[in-house]
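A note on names: the letters A, B, ... follow the listed sequences, proteins ahead of strands, and every chain is numbered from 1.
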Number of protein chains: 2
Amino acid sequence: MEPVSAEHVTTLRRFNRYFTRRIGALDDHYLGQDRPLGEARLLFEIGDGVSLRELRGRLGLDAGYLSRMARALEAQGLVRITVHPKDTRQRLAELTPAGHVEVKEQNRRANHLAEGLLKGLTPPQRGQLTEALGSAQRLLRLAAISVEVVDGAAPDARACLDAYAADIDERFPEGFDPASLVRPHEVSGDTGAFLVAYEEGRPVGCGALRRLEAGVGEIRHVWVHPDARRLGLARRLLDALERQATQRGYEIVRLDTHASLTEAQAMYRACGYAEIPRYDANVYAAYWFEKRLGR
Amino acid sequence: MEPVSAEHVTTLRRFNRYFTRRIGALDDHYLGQDRPLGEARLLFEIGDGVSLRELRGRLGLDAGYLSRMARALEAQGLVRITVHPKDTRQRLAELTPAGHVEVKEQNRRANHLAEGLLKGLTPPQRGQLTEALGSAQRLLRLAAISVEVVDGAAPDARACLDAYAADIDERFPEGFDPASLVRPHEVSGDTGAFLVAYEEGRPVGCGALRRLEAGVGEIRHVWVHPDARRLGLARRLLDALERQATQRGYEIVRLDTHASLTEAQAMYRACGYAEIPRYDANVYAAYWFEKRLGR
DNA sequence: CCTGATCTTTGACTAAAGTCAAAGAAGTAT
DNA sequence: ATACTTCTTTGACTTTAGTCAAAGATCAGG
């Protein structure tokens, strides 16, 4: 892995300092107004109803602390706390009408703040800022996603494949039969691999590698959760799969794609894949690609 | 003023949320380690010695609170507090060797964190991130700078002009005589104006408008503090000066520039100024420009 | 030299934020 | 049914962060 240049580190740190001190601090100050910041944040996060468990994870709070804060908000009539229908140990928090009003007010204030800031710029500069922030956020998210090898039968792996199947079932005019998914044993061990991408602990993408014939691997089921698209994650999954293939001694990887997945086709071409004749009987495939792995 | 588009507000707010939650929070958590965050920050800000007064302003802390924290750091042997040589009411704080060690450790940790984040990206992506963050920070700073009309004799105005004079005295091969600066009365009232740009309360730029002849104003002394260059502030000052000129009934504004200020010349051209023949006897001028104000 | 402002220190508080451990209730796996 | 785990609640704390006012020391300007 290449060393990280000092310039990049400096810029990131300088930005961090500037941003958290100047913008973040302001925001916090305004968000709460006449309410402790912790409660204001909690209220905001509750939104359309979440379990306390989820909140605990998301905000990284102590269980006791959270419980008390949530109950305090309940006492103020801002949230309603109910028992989770599927697991009676858990509690669900949701906003009452009064809570919604309060959150709306929070949003109004935060918008006002953002507008005040943007007012200091000309319209083209606003556009530049939006673009820069959007691009920075995309890259920061991508940097925070880790791609890991998991067992093909692991719950996260199955969850991804299920989501993948549902996704393309909707996208393919002819639908998709989950029976054509890879079997767990094909993507484990010496000849295959299953990768899952995690963002803050949540699986947001996957990809599978299996053996096709001697020296030839096949990449299948490269999928990215809708929330994590347009970050460049598919490319990263593809890279990681190729590395797995190399490790397993494959010199060539192949893959096929459905006619409707035009962005995917473009990505494969951009990543060095060349179109080849049909190599399998996959009824969903319309194009077949191959890449010779450099070392 | 144009309304701020919702898209821009949303992007800014989304970024703010993501960044403060994910990066800022992490950083804070690591920075302190076994020390309260307030003290850690204070230590960091002390750096190579500052007065408590300065720190109070910079960090926005209560005087009593700051005093106690500083004394606590002194008791821990991390800072030395001495009496200000020029004003015995004030105190100066500087790091002891132990304090330097601690700050270095802070920096090491923060760098490590930034590196960890950047490691998740390919080198070209790191470059993109650096560029996006740099550009975002530039624009955010620019947005936070306010340009105000002040009296030509105000301390901030004089301070800017002094800095301007010192700056160009160094830059012009022939030096610069401060006697050629505008007089306060020329840049006040109905026929002139003096603008100062403030960043977080600190003057970081200026510009003057005075009467040349009927219907013609002259822009002079457009200057930006070295810390605030490359943000687009000169352009903003120029815009604001033109608005002042229009308000005062001038249809034309003129200005001159020194031969050595090539970036300034380029900016004037880009802002709609056209070169004209010499219109004054300014010994420092090599180029003369004019712009007809629209509206 | 006097007056009013500035800077720091101290005392006396308060509120927010967070920690830790114990216990009860409810799931899950065997 | 049993053992183990998870989720929430409660009690009992501690630390941080911050506010406010009063007082003492020192400056700056007239």
#### Entry: B:R71 CZ to C:dT9 C1', straight-line distance once rounded to whole Å
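It is 8 Å, rounded to the nearest whole Å.
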### Query
What's the CG-P distance between A:L66 and D:dT9, to the nearest Å?
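Whole-Å distance recorded here is 8 Å.
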### Task
Would you indicate what A:D87 reaches in the nucleic acid, counting non-hydrogen atoms under 4.0 angstrom: base, sugar-phosphate, or nothing?
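Sugar-phosphate: the residue A:D87, judged by heavy atoms under 4.0 Å, touches backbone atoms but no base.
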### Query
How is A:G38 classified with respect to the nucleic acid when contacts are heavy atoms under 4.0 Å: base, sugar-phosphate, or nothing?
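Result for A:G38 = sugar-phosphate.
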N/O donor-acceptor pairs under 3.5 Å from side chains in residues 147-155 of chain B, not counting sequence neighbours:
unit_1	atom_1	unit_2	atom_2	d
B:E148	OE2	B:S146	OG	3.0
B:D151	OD1	B:A153	N	2.8

### Query
Which residue lies toward the 5' end of DNA chain C, A:Y65 or B:S67, if each is placed at its nearest nucleotide?
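Going by which nucleotide is closer to the 5' end, it is B:S67.
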### Task
Starting from the 5' end of DNA chain C, give me the residue, B:R68 or B:R56, whose nearest nucleotide shows up first.
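The residue whose closest nucleotide sits nearer the 5' end is B:R56.
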### Query
Any side-chain N or O of A:T88 less than 4.0 Å from the OP1 or OP2 oxygen of C:dG27?
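It does, given that an N or O in the side chain of A:T88 lies less than 4.0 Å from OP1 or OP2 of C:dG27.
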### Query
Do the side chain of A:R89 and the base of D:dT8 come within less than 3.5 angstrom through a donor-acceptor pair of N or O atoms?
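No pair found.
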### Query
Between the axis at one end of the helix from C:dC1-D:dG30 to C:dT30-D:dA1 and the axis at the other (five pairs apiece), what's the angle to 10 degrees?
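Axis angle across the helix from C:dC1-D:dG30 to C:dT30-D:dA1, nearest 10°: 40°.
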### Message
Can you give me the closest heavy-atom contact between B:A93 and B:L52, atom names plus distance?
### Response
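Nearest heavy atoms, B:A93 then B:L52: CB-CD2, 4.2 Å.
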### Query
By salt bridge (Lys or Arg N to Asp or Glu O under 4.0 Å), which residues pair with B:R53, not counting sequence neighbours?
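With neighbours one apart ignored, the set is empty.
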### Task
Check every atom of D:dA17, C:dT8, C:dA17 against the side chain of B:L37 and return the nucleotide holding the closest atom.
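The answer is D:dA17.
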### Task
Please determine which of A:R229, A:R236, A:R141 meets the salt bridge (Lys or Arg N to Asp or Glu O under 4.0 Å) test together with A:E199.
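Exactly one option meets the salt bridge (Lys or Arg N to Asp or Glu O under 4.0 Å) with A:E199, and it is A:R141.
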